[in-house]
Amino acid sequence: MTWYNQRRVLFTFILLVFTVACKDQPSEAETAQTPPKYVSFVNPFIGTEGNGTKHFIGNVHPGAVRPWGMVAVSPQSFDFSKVQLPTGFRYEEDRIFGFSNVNFSGVGCPATGSVPFKFLSSDPSGDYLGSRFSRQVATPGYYSVHLEDEDITVHTTATKRSTLLKLELPKGKSRVYVDLMAQQGHIKGGEIAQHNVSSVSGYQLEGNFCGSANRSSVYFHAKFNKDADSTYLKFENKTDPRFEQHLEDKPSGIVYLFNNAAPTELLVKVGISYVSIKNAMDNLAKEQEGFDFEKIKKEAQEEWEIELGKIEVTTTSEDHKYVFYTALYHSLLMPTTYSDHNGEYLKMGSTEVGKTNGTRYSGFSLWDTYRTTHPLLTLAYPEKQTEFVRNMLDIYDESGWLPKWSIFNFEPYLMVGDPSPIVIGDAYVKGLRDFDLEKAYEAVTKNADVETDNLNRRGLKEYKALGYISMDGEFSDVENFQWNNGIVWGAVSNTMEFNLSDYNIAQLAKGMGHAEDQKKYLDRSKSFMAFYNDDTGLLQPKNKDGSWYEPFDPAQELWDRMNFGLRGGPGFVEGSAYQYLFSIPQGIDTLKQQMGEDRFLEKLDLIFSEGHFDMTNEPGFGFPFFYNLTKEKHWKTAHVVHDLINTHFTNTPNGLPGNDDAGAMSSWVVFAMMGLYPHTPGNPEYFVTTPMLDEVEIRLDPKFYEGESIRIKRRGPSNGAISSIRLNGEAIDFRVGHSALTDKESELIIETEATPASK
């Protein structure tokens, strides 16, 4: 029986016993013993195993972490002194090499895996081959495993900025090896700066994320609850000619030796900071007074229970409940906390120490998350979303530009488009206004109009002049593309992304009374139509003189001219012309009008029926929901959405179809299972379709919304055709406004017939 089936049976048994024993009103003491209602349905192993598809794995980790926490202590199933990977753990591997204390979730390039510990009974000299393992358990805020070859059991938990590991050691010699050469990113090494028999401090190097020039240090301070019998340093730092770290004379690791007369327990706690060792020590002291593992584990579980409990679902399918709550869990892992307990952090683009009264975050993967994760936060976690928008404006203050894919104190300008205005605009139109609106407007219009040194909008000069970015213009030298040189990867894709950003700037302009700007940016938001070829019914790249780029294969996903292996057909980013056809939600009505409804539906069907749709590629996230714009909306939207979920998102380790992209794909699952989809950032509206779940309750934040909750109920089979949609008793037509859901207590009822009449 697999671990999650064991948990399922155990949870059901406990719940049954508890229900029978508590027929009367439970006492306060009895209530405290209630099994966690939401945490129990999170399976952190979902997405940790390769699934055989072209994008392979979710790049998530099963480690102990708090919501949006700085640290995440997770196992490493590779020898990272020799390789680098975007994730430290893969379920299908049969050995564990160590445990790192800082891990991102669902990113596409190697990063973090920082401050690795190895727990050994053998001497760590020579090549360590890892340990076979068993009895693996993971729940939110807790991970444990038994290392069979070492006969050591490891339990882990975490606070926001520190971790706590409890080791069950066998009789005889045991070793704790802090190995700074085993970080999973490109840059290996660091320095053991100070140590004694019960503590160690230092820093680990970090950088080269997705080939960018970022360089950072992850500082740490670790304490043991008992003295080691002896210690010795390891010197394995090497200078990589790419990075020039020059640490050969600095110790890269330390080994603590414990001589155990009998099986014993050892606790290790680790504080992390991106500012200094002193701050790492302070973070540890402020967040953990002693070595109380059960207390920290319980507090972690309680924090997750609160956050996951913002949405309550009812379903007869236990697997659907696991898939839903695990997706919600993955949606709340990034961005990660960056500032220390005292408010200090490194300012963007410098080594200057800043200070915040709130929390500074890092890891804004905005091209990925603007479509689903940020709209989910706006709806169910508006205070957090507001905090993230303020963070983005603080980054603008420090660097002169809004973030694109900020990591620590560096902006690598990864991916394409200009996503910050989309995130800000969507929050604004949905009523989140507790940030500096004038500064936000200044920042988004600077992104949109200033050409000099603007890596947020590579190709902006041509976009402004022609309305589109060409395949043969000033920015088209794709063989020499780098993140920081202004060359354009994906002329069509960038144009479409800029269009959506301009649409959102227009919404801000409208709300703030800038009528001329509103018209200017709204007009710009429609320029994607310059690519529409009526002969093919597709968006086709163009040359500077207005001629079509040839050869043109709308199914092409790889272009051999692109530098360092970036995916996408000519003119497109990580996709084909088919996979981008409808990726202009703000202009979808314009495109449909030009095509005509029959051709629109035909193209939409073709994308799904001929295998062009890519569930792992964000530009296509809205495609299944665009059936709501067709005559087949009563059944086909739900038919396609449910089929995608059942095919790609399962309660198994290979239950993600590809990289989770900082929670973007998981947030899509949350919306899709609820029967809502935020189809156009900047338009405060949701498409409605048949929920997979029987009932959903979204508990609204009273500081932001007047309504107490949104209740969504399906009446009829999930595979049936929709016969009616009613909001608070009034019939609505397959879409609903954000304010209609949040301004008062709302009940959305979707009624379905037994058989889809249109099939």
Side-chain angles (χ1 to χ4, degrees), residues 2-4 6 43-50 57-65 71-105 110 112-139 141-158 163-170 173-185 188 204 222 234 253 255-256 258 265-268 270 293 653-654:
T2 58
W3 76 270
Y4 40 88
Q6 290 173 339
N43 174 0
F45 290 111
I46 290 177
T48 61
E49 182 178 78
I57 193 168
N59 288 339
V60 295
H61 64 77
V65 61
V71 302
V73 54
S74 188
Q76 294 179 311
S77 55
F78 301 90
D79 179 1
F80 282 115
S81 64
K82 297 180 174 64
V83 298
Q84 54 276 328
L85 287 172
T87 180
F89 177 84
R90 288 185 176 172
Y91 192 87
E92 63 267 33
E93 299 297 322
D94 61 0
R95 291 181 178 270
I96 287 177
F97 287 77
F99 298 81
S100 50
N101 285 272
V102 179
N103 288 276
F104 283 167
S105 176
T112 65
S114 310
V115 193
F117 280 61
K118 296 176 179 177
F119 306 118
L120 313 164
S121 296
S122 55
D123 190 330
S125 60
D127 284 345
Y128 178 53
L129 300 178
S131 175
R132 293 169 297 173
F133 59 93
S134 60
R135 306 204 303 266
Q136 193 174 210
V137 175
T139 61
Y142 174 74
Y143 172 87
S144 72
V145 67
H146 180 67
L147 305 177
E148 294 182 353
D149 295 336
E150 312 299 343
D151 193 23
I152 294 173
T153 299
V154 182
H155 306 268
T156 69
T157 189
T163 65
L164 181 58
L165 301 95
K166 181 172 68 174
L167 312 176
E168 297 175 19
L169 303 177
K173 291 183 177 181
S174 297
R175 297 163 179 85
V176 176
Y177 178 15
V178 183
D179 183 5
L180 302 182
M181 294 300 293
Q183 189 251 31
Q184 75 194 41
K188 311 294 184 184
Q204 180 139 43
K234 302 271 283 185
V255 178
Y256 286 79
F258 296 85
E265 186 175 273
L266 175 69
L267 289 115
V268 187
V270 185
F293 188 90
N654 67 355

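Any value given below was found using the heavy atoms of this structure, including those in side chains, with hydrogens, waters and symmetry copies removed.
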Tell me the closest heavy-atom pair linking [X] and [Y], and the distance in Å.
X: Y143; Y: A138; answer: CD1-CB, 3.9 Å
X: G63; Y: S74; answer: N-OG, 3.4 Å
X: A64; Y: A158; answer: O-CB, 3.7 Å
X: V83; Y: F78; answer: CG2-CB, 4.3 Å
X: S125; Y: K234; answer: CA-NZ, 4.2 Å
X: G141; Y: T157; answer: O-OG1, 2.7 Å

[X] side chain to [Y] main-chain N or O, any donor-acceptor pair under 3.5 Å?
X: T48; Y: H61; result: no
X: Q183; Y: G185; result: yes
X: K166; Y: V268; result: no
X: E150; Y: S121; result: yes
X: E92; Y: G50; result: yes
X: T112; Y: F104; result: yes

(request) Indicate yes or no: does D127 engage K82 in a salt bridge with an N to O separation below 4.0 Å. (result)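 Here D127 pairs with K82 in a salt bridge, since their nearest N and O are under 4.0 Å apart.
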(message) Under a 4.0 Å threshold between the charged nitrogen and the carboxylate oxygen, would K173 count as salt-bridged to D123?
(response)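 Judged by the 4.0 Å cut-off on N to carboxylate O distance, D123 and K173 do not form a salt bridge.
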Any side-chain heavy atom of [X] sitting closer than 4.5 Å to one from [Y]?
X: F80; Y: M181; result: no
X: Y177; Y: F117; result: no
X: Q184; Y: L85; result: no
X: V154; Y: L147; result: yes
X: R175; Y: F258; result: no

Rounded to the nearest 0.5 Å, what separation is found between the [atom1] atom of [X] and the [atom2] atom of [Y]?
X: S100; Y: D179; atom1: OG; atom2: CG; value: 11.5 Å
X: R95; Y: R132; atom1: CZ; atom2: CZ; value: 6.0 Å
X: T87; Y: N103; atom1: OG1; atom2: CG; value: 7.5 Å
X: F89; Y: N59; atom1: CZ; atom2: CG; value: 13.0 Å

Are a donor atom and an acceptor atom from the side chains of [X] and [Y] found within less than 3.5 Å of each other?
X: N101; Y: T163; result: yes
X: H146; Y: E168; result: no
X: E148; Y: S134; result: yes

(request) Would you confirm whether the ring centroid of F99 sits within less than 6.0 angstrom of the ring centroid of F119? (result)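 Yes: the rings meet the under 6.0 Å criterion.
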(message) Once you measure the plane-to-plane angle for F45 and Y91, does it fall in the parallel (<30°), tilted (30-60°) or perpendicular (>60°) bin?
(response)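 Because their plane-to-plane angle is over 60°, the rings of F45 and Y91 count as perpendicular.
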